Every structure is written in structure tokens, then in C-alpha cells.
Q: 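Quick one: the structure is below, and I'll ask about it shortly.
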Protein chains: 2
Amino acid sequence: MLNHKTAQIKKIVKGEILLKQGEITKYGYFVNRGCLKSYAVDNAGKEHIMQFAPENWMISDLDSFTNQVPSLVSIEAIEDSEVSLISRSDFGDFSKLEKKTLIELAIKSRNNMIATNKRIIGLLSWSSEKRYLDFTETYPTLVQRLPLKLIASYIGVTPEYLSDIRRKIAKK
Amino acid sequence: MLNHKTAQIKKIVKGEILLKQGEITKYGYFVNRGCLKSYAVDNAGKEHIMQFAPENWMISDLDSFTNQVPSLVSIEAIEDSEVSLISRSDFGDFSKLEKKTLIELAIKSRNNMIATNKRIIGLLSWSSEKRYLDFTETYPTLVQRLPLKLIASYIGVTPEYLSDIRRKIAKK
DNA sequence: GTCATTTCTTAAGGTATCTTATTTTTAATT
DNA sequence: AATTAAAAATAAGATACCTTAAGAAATGAC
């Protein structure tokens, strides 16, 4: 979709931060290798994961990227990674894009929206156990790859409680 | 964006249902007048509101519309309303759309995505009181227009508890 | 291979939010 | 206006989930 071949590439190590909550971002990131997360830290200092981005995913704070407002999230590498930088000059103005690119974008946006809508329904109406089971079905490779505490943060429970959930599931 | 002028128009009364959870939808709806909601009913029979759609908003189950799979939500009029029907033949295939339309779509999708992302962050990391206050700031007209129990359902608390929240806020 | 660090598990007590039920207020219908 | 129905407020008891804390297991560093 984006012109990754000519894009600027950046290598980052685990723990490295590409965007800090409250800052205005210049870039979106396309993940070539590794895995990133975006997350918000609440008043109590707790971290809540908005998104995981393994290979071939994009990650950014879309509002900060588009409207140059402070970001609600931080973006950090959870593995050693390589990303392509997507800049506003390349991608900020849709009218500069080719029709073909716009169609690809529309399809990806739609798929993203479908997944995001499902997540909201889950947060509103599913039990934490069901949210965990859905996560394992939707992202089986991430379940292997990520520590429990990151998954807990994504589905909206504490690591201790997810540990309880797992034990209850195992007992069945 | 869509060709509302030639679209099929439908008048519906309060309480009328346009889509039932589990069914496959043929249409999306653009609201000309009135207000609709989409909601999921959980195992315990409780209703959880995904979206409100007042005038000039679109509403549908995007996954059901796009992929012809069972809908996760029902769509119902919460006021007497008039909607324009958006069919898959008009809007299912992006390659048939004009570039101008695709650009409009990309902008609307982006704005929608920004709002939806914020809602997820709110559900994960804000207190219920903060979620309510944010709702009143983001949708001041809807706060006047909608009964408390629908707002409670949207922000993810029971009506009784939202009533408590309001009382606490008023005491300050 | 040992030591240090991080992750995971387990458990007890606490809090936010829910459930159920009753009363009051508001809105809809005739 | 009177009647009915729906919405909102209030309160007491129940529960899902959190907090804190400690020990066990796994992972990474030297």
C-alpha cells in the first residue's frame, strides 16, 4: 500500500520508545520485523494496551498523526524490531494518492474498523474470560509470543486476574 | 458522499427494528431525521450500545454488510426517523466508486477511527465517571436528547450506577 | 552454570460496580 | 386532566475484579 521500498527504515531494540503519550507525532510506523505496542498510562500509572503491531501491521496515534494534536498513547518496541517510517508528506493528504492506493486503503480501513468494533462489543458485553478466549482465537500466534501481562492489559484485566482466569479454564 | 438523493428512503417509528442480531444485513442506513442505535444483547439479556446515529450519521453492522456474516448487533429507531438505504450494489465494491468519493470516504473513515480508538482507550483506562463526563463533552446534544439508561449502556455501566455517578458529580 | 531479573502463580482482603427491589418523578396515552 | 407506562433515584446486599504481598518458575546476563 505504502511505498515501503523507498521509505526510511529504522531499527529499534526491545524497550525503545518511538512516541511518548502527550507528544505530537510526525510518523506512522509499518512493522517489517519484530513487534510494537501502543498504550495509554492512566492516572494511577497503570498501562493499558491499545494495539499490538507484529510484522506487516501499521501502528500510530492516528489523531496525533493526522491533526497534530498530543498523542493519547505511547508506542514502544516489545521485541527488537525494524520499522518503515510513514510521514505526513507521503500520506497525510489523501488527494495526492492514486485511486488504486485509495481503494487498498479503504479495504484495510474497513477491516480494521470491523476488528475494532468487535473489540468494543467485547469490552462492553463479554466477560473477561470470554474476551481472553476470543483473543486466543483471533491472535493465536500472539498468545505464544507475548507475555501474559501484556495480553491482560489488552483485554482489560490485571495480570493476576488473568492468571486466575487461565487456572479456571484449565480446571474444566 | 453517497448518493442520498436517489437512494431509497424509509420512514420508521420509534422502537422499530431494522436489523436483528444474528441476521445478515443487506443495507447500511444514513439517518436523514431522528435517531437510531445499534446494540448487542449479552447472555444475561442485557443490552449494550455500540453506536448512536442521529441526523447525518451512518449506521450498520459493517462486518455483516461487507462479508455477509451474521450481525453482532441489532439496529433500532429510538425516535421516529427517516433513513436512506445504502445497498451493497451501490457501495459494496470500492473500485466502482469515483476517486472523489473514495477521498471523502477515507476522511470519514479516519475520523470515525479516531473517535473509536478514543472510546477503546476510555473503556480500558478511564473511570466510569470520566467516561460519562467525556460523553457529555463529546455529544452535548445527545445528553439532552437521550434517556439516561441509553447513555449508561453506551459508556458501559448500569443505569442505577450512572444515576449514582450523576449524584456524586452534582454534590461537588 | 550461576546469579539476577522478570514473569507467573497463588491467596487474602478491599473496592467499584452490579443486582434486586422499592419509591419518586417524568412522559405518554386516552 | 386522569390514567398508565416508562424513566430515574435511592438503598442494601452480592460479586467480579483489583490491590497488595509473597513465593515459584522461567528467562536472560555475565
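Basis for what follows: all heavy atoms, side chains included, without hydrogens, waters or symmetry-related copies. Chain identifiers are assigned alphabetically (A, B, ...) following the order of the sequence lines, protein sequences preceding nucleic acid strands; residue numbering begins at 1 within each chain. Everything quoted here is computed from the prediction, not taken from an experiment.
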Q: Need two values: the first and the last nucleotide of DNA chain D, 5' to 3', having an atom under 4.0 Å from any heavy-atom of chain B.
A: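 Reading along DNA chain D, I get D/dA7 to D/dA11.
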Q: Would you mind classifying the nucleic acid contact of B/S128 as base, sugar-phosphate or nothing, using non-hydrogen atoms under 4.0 angstrom?
A: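 Here B/S128 touches the backbone only, sparing every base.
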Q: Rounded to whole angstroms, how far apart are CG on A/L150 and C1' on C/dT7?
A: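 Roughly 11 Å, once rounded to whole Å.
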Q: Return whichever of B/L148 or A/A44 has its heavy-atom-nearest nucleotide of DNA chain D closer to the 5' end.
A: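 Here B/L148 is the residue nearer the 5' end.
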Q: If two hydrophobic side chains count as joined below 4.5 Å and joins carry through other members, does B/F135 share a cluster with B/W57?
A: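 Yes.
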Q: Do B/S71 and B/D61 meet the criterion of a side-chain donor-acceptor pair at a distance under 3.5 Å?
A: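 On atom types as modelled, these side chains qualify, holding a pair under 3.5 Å.
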Q: Would you indicate which nucleotide in C/dT19, C/dT10, C/dC8 comes nearest to any side-chain atom of A/R167?
A: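 The answer is C/dT10, which lies nearest to the side chain.
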Q: Under 4.0 Å between any heavy atoms, over every strand shown, what does A/K14 touch: base, sugar-phosphate, or nothing? Just pick one.
A: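 Nothing, no nucleic acid heavy atom in range.
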Q: Between A/Y161 (OH) and C/dA16 (P), how many Å, whole number?
A: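 Between P of C/dA16 and OH of A/Y161: 17 Å.
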Q: Using five pairs at either end of the helix from C/dG1-D/dC30 to C/dT30-D/dA1, determine the angle between the two local helix axes and round it to 10 degrees.
A: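 One end's axis against the other's: 60°.
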Q: Should the heavy atoms of other residues, nucleotides or ligands under 6.0 Å from NZ of B/K26 be counted, would the total exceed 12?
A: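 It does not: B/K26 NZ has 12 such atoms or fewer within range.
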Q: Is any side-chain nitrogen or oxygen of A/R166 closer than 4.0 Å to OP1 or OP2 of C/dT10?
A: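 For A/R166, the contact criterion (side-chain N or O under 4.0 Å from OP1 or OP2 of C/dT10) is not met.
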Q: Rounded to whole angstrom units, what separation is found between the CD atom of B/E129 and the C1' atom of C/dT17?
A: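 After rounding, the reported distance stands at 14 Å.
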Q: Quickly work out the A/K149 NZ to C/dT6 P distance and round it to whole Å.
A: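 After rounding, the gap between these two atoms is 9 Å.
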Q: I need the CD1-C1' distance between B/I155 and C/dT17, as an integer number of Å.
A: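 That distance rounds to 12 Å.
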Q: If only side-chain N and O atoms of B/K46 are considered, is one of them under 4.0 Å from the OP1 or OP2 phosphate oxygen of C/dC18?
A: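 For C/dC18, neither OP1 nor OP2 has a side-chain N or O of B/K46 closer than 4.0 Å.
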Q: Which residue, A/Q51, A/Q21, A/H48, A/E76, forms the side chain to side chain donor-acceptor pair (under 3.5 Å) with A/Y39?
A: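 Per the side chain to side chain donor-acceptor pair (under 3.5 Å) rule, the option paired with A/Y39 is A/E76, out of A/Q51, A/Q21, A/H48, A/E76.
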Q: Quick one about A/N117 and B/T116 (side-chain donor to acceptor, distance below 3.5 Å, no hydrogens or angles considered), yes or no?
A: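 No pair is found: no donor N or O on one side chain lies under 3.5 Å from an acceptor on the other.
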Q: Do the numbers put A/R145 on top of the ring of A/Y139, so that NZ or CZ is under 6.0 Å from the six-membered ring centre and no more than 45° off the axis?
A: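 No, A/R145 does not lie over the aromatic ring of A/Y139.
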Q: Where the side chain of A/E160 is defined as all heavy atoms beyond and including C-beta, which of C/dT17, C/dT19, C/dT10 is the nearest nucleotide?
A: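 My answer, after comparing the listed nucleotides, is C/dT10.
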Q: Whole Å only: how far is the CD1 atom of A/I78 from the C1' atom of C/dT7?
A: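 Rounded to the whole Å, the gap is 15 Å.
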Q: Without swapping roles, check the side chain of A/E16 against the backbone of A/V13 for a donor-acceptor pair under 3.5 Å.
A: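 Side chain of A/E16 to backbone of A/V13: a pair is present.
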Q: Quick one: do A/D134 and A/R131 make a salt bridge, cutoff under 4.0 Å?
A: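 Looking at A/D134 and A/R131, the cut-off is not met.
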Q: Would you check if there is a donor-acceptor pair between the side chains of A/R88 and A/Y27 at a distance under 3.5 Å?
A: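 Distance-only check fails for A/Y27 and A/R88.
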Q: C/dT7 C1' sits how many Å from A/L162 CG, rounded?
A: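 In whole Å, C/dT7 C1' and A/L162 CG are 12 Å from each other.
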Q: Between A/S109 and A/N112, do the side chains contain a donor N or O and an acceptor N or O under 3.5 Å apart?
A: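 Their side chains do not contain a donor-acceptor pair, so the 3.5 Å distance test is not met.
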Q: Expressed in angstrom and rounded to an integer, what is the separation of A/I151 atom CD1 from C/dT9 atom C1'?
A: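 That distance rounds to 16 Å.
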